[in-house]
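Heavy atoms only: backbone and side chains are in, while hydrogens, waters and symmetry mates are out. Just so it is clear, the model here is predicted, and its values are computed rather than measured. Counting begins at 1 with the first residue of the sequence.
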Amino acid sequence: MTPAMVGNGESVTPSQYQKGVKHLIENGLQAIPKKYILPPSDRPTTNSEDSNVAKQNLELPIIDYSELLGPRRQQVLQSLANACEGYGFFQLVNHGISDDVINSMRDVSGKFFDLPFEEREKYMTTDMRAPVRCGTSFSQTKDSVLCWRDFLKLLCHPLPDFLPHWPASPLDFSKVVATYAEETRYLFLVLMEAIQESLGIIEGKQEEVTEGKDNILKDLEDGSQMMIFNLYPPCPEPDLTLGMPPHSDYGFLTLLLQDQVEGLQVQFQDQWLTVQPMNNALVVNVGDHLEIYSNGKYKSVLHRVMANAEKNRTSVASLHSLPFNYTVRPSPKLIDQANPKRYADTNFHTFLAYVTTREPKRKDFLDSRKLTSTCLEGEEDKQIK
């Protein structure tokens, strides 16, 4: 089939979009199809908001994980609070995951996307509940404009339930990813304990949470974990599209391992700024569930991914939250007369119902959970059970 071209003469069929961006590139694509072209107002270099900031870098706060466990814990907790409240993002260094494990993850990620299309196709599905899902965009069946990326999504916890479903190729895939999944999950739990302390929900690292109080840490130990491998192939016309459009993350925290190719941008003070990659650091960001749990004190922040014309860009995101059948609600310790409950309780079923019936945009789902002033008045006398 003739490679797709921009314009009315493009010859890509709808079924080809399901096969991903890499498949299009492998078949000689020289200009991006209309399905990937954003409206002029949403393009990364023509939007007036973007034009002066697209090449600027954002220096995210740096949290030293080793100091979080040491005598400077209180100072680091304050830095953590400032990062979650002011940026919604931070770089985590000295996190204890070895260079060998990180390099193996980068290697196995590249190997998966280098598999023949017929191998990757085995895992392609539009079922958002599938334990393994390979695809492109957010929803290639509903999105009016597709993302310039391919992904592999894996459910990871509990590992024995999901390992049998994971790809058999590359040969070392399951072993490498399982090791990384366990280590990032441990980091997440330690970070959430620190975040609870920074919010004043618990008062010390070893404090036992009493019955009837906020015991979310115990629930998070049995929580959900999803690993997302992202591939952003070189784009012939990167000014017309995005690797991922502006969005916030579902869950409590996302731990992102990226390569040294720039692409991640964060909205900071109403401007889009590029996050400079730090070798072997993890980029951590607040998710929608943490914004709800903190009753709005910590913010999930819009971010997006730029396309580029020169290089493959890869990343691995580890998303963490409560078990899928649990309800997320503001911590009762953060609700009082001066700070009423600001978000409705939510769960994974509500999220799926929302995203399967409309095209996801920016922070629409989280905004749908915000209580109006009328609702706030009705919640004043209602305590979370």
With a 4.5 Å cut-off on side-chain heavy atoms, are [Y] and [X] touching?
X: S318; Y: V316; result: no
X: V108; Y: D172; result: yes
X: N285; Y: D249; result: yes
X: L152; Y: F173; result: yes
X: V176; Y: V101; result: no
X: Q276; Y: L58; result: no
X: L77; Y: L68; result: yes
X: L240; Y: L38; result: no

If only side-chain N and O atoms count, and only distance matters, is there a donor-acceptor pair under 3.5 Å linking [Y] with [X]?
X: Q265; Y: T274; result: yes
X: Q225; Y: T184; result: yes
X: Y87; Y: E59; result: no
X: D222; Y: H157; result: no
X: E291; Y: Y343; result: yes
X: D99; Y: N280; result: yes
X: D100; Y: S98; result: no

*asked:* Which residues pass the side-chain contact (heavy atoms from CB on, under 4.5 Å) test with F162, not counting sequence neighbours?
replied: P131, L155, P158, W166
*Give the C-alpha distance, both sets of side-chain angles, the deciding distance and a yes or no for side chain to side chain contact (heavy atoms under 4.5 Å, CB included) between M105 and V177.*
CA-CA 7 Å; M105 275 296 288; V177 177; 4.0 Å; yes
*Give me the ring orientation class for H289 and F252: parallel if the planes are under 30° apart, tilted from 30 to 60°, perpendicular past 60°.*
perpendicular
*asked:* Check the orientation of W148 and Y36. Use parallel for under 30°, tilted for 30 to 60°, and perpendicular for over 60°.
replied: perpendicular
*Is it true that L256 and V261 fall in one hydrophobic cluster, defined by side-chain heavy atoms closer than 4.5 Å?*
no
[X] to [Y] - nearest heavy-atom pair and separation:
X: C156; Y: L154; value: SG-O, 3.5 Å
X: L319; Y: Y250; value: CD2-O, 3.7 Å
X: P277; Y: Q258; value: CA-NE2, 3.9 Å
X: D219; Y: L322; value: CB-CD2, 3.6 Å
X: A307; Y: C235; value: CB-CB, 4.0 Å
X: Q196; Y: I216; value: NE2-CG2, 3.2 Å

Does the [X] side chain pair with the main chain of [Y], one donor and one acceptor, at a distance under 3.5 Å?
X: Q91; Y: P61; value: no
X: H303; Y: S248; value: no
X: R369; Y: D345; value: yes
X: T125; Y: D127; value: yes
X: S79; Y: Q75; value: yes
X: R304; Y: L242; value: no
X: K22; Y: F113; value: yes
X: N57; Y: V275; value: no
X: T136; Y: R149; value: yes

*Assess whether salt bridge (charged side-chain N to carboxylate O under 4.0 Å, His left out) is satisfied between K218 and E193, documenting all intermediate values.*
CA-CA 10 Å; K218 184 176 183 302; E193 185 176 41; over 6 Å; no
Distance (rounded to the nearest 0.5 Å) between [X] [atom1] and [Y] [atom2]:
X: T314; Y: L231; atom1: OG1; atom2: CG; answer: 7.5 Å
X: R342; Y: L371; atom1: CZ; atom2: CG; answer: 9.5 Å
X: I97; Y: I102; atom1: CD1; atom2: CD1; answer: 5.5 Å
X: I228; Y: S109; atom1: CD1; atom2: OG; answer: 12.0 Å
X: I32; Y: L24; atom1: CD1; atom2: CG; answer: 10.5 Å
X: D288; Y: K299; atom1: CG; atom2: NZ; answer: 11.5 Å

*May I have the step-by-step check of side chain to side chain contact (heavy atoms under 4.5 Å, CB included) for M227 and K153, ending in yes or no?*
CA-CA 6 Å; M227 198 83 70; K153 296 184 179 181; over 6 Å; no
_Ionic contact status for E197 with K333, cut-off 4.0 Å_ = no
*Does the pair K370/D367 count as a salt bridge with the N-to-O cut at 4.0 Å?*
yes
*Mind checking ring pair (Phe, Tyr, Trp, His ring centres under 6.0 Å) for Y186 and listing every partner two or more places apart, or none if nothing turns up?*
none
_With side chain to side chain donor-acceptor pair (under 3.5 Å) as the criterion, how do N347 and N325 come out once you've worked through the C-alpha distance, each side chain's angles and the decisive distance to 0.1 Å?_
CA-CA 7 Å; N347 54 33; N325 60 338; over 6 Å; no
*Check step by step if salt bridge (charged side-chain N to carboxylate O under 4.0 Å, His left out) holds for R73 and E67.*
CA-CA 6 Å; R73 181 176 177 83; E67 290 193 344; over 6 Å; no
*Intermediate values then yes/no, side chain to side chain contact (heavy atoms under 4.5 Å, CB included), I195 and L290*: CA-CA 10 Å; I195 282 171; L290 182 50; 4.0 Å; yes
*Let me see the working for Y298 and S198 under side chain to side chain donor-acceptor pair (under 3.5 Å), right down to the final yes or no.*
CA-CA 11 Å; Y298 293 168; S198 73; 2.7 Å; yes
*Is the F151 to Y232 ring centre distance short of 6.0 Å?*
no
*For the ring pair Y65 and H95, is the centre-to-centre distance below 6.0 Å?*
no
*asked:* Using the rule given for side chain to side chain donor-acceptor pair (under 3.5 Å), can you reason through D150 versus H23, listing the C-alpha separation, both sets of side-chain angles and the distance that settles it, and then say yes or no?
replied: CA-CA 9 Å; D150 292 342; H23 183 72; over 6 Å; no
*Under the 4.5 Å side-chain heavy-atom rule for ILVMFWY, direct or indirect, which residues accompany I62?*
V93, M278
*From the options L199, N295, I201, select the one residue that forms a side chain to side chain contact (heavy atoms under 4.5 Å, CB included) with S331.*
I201
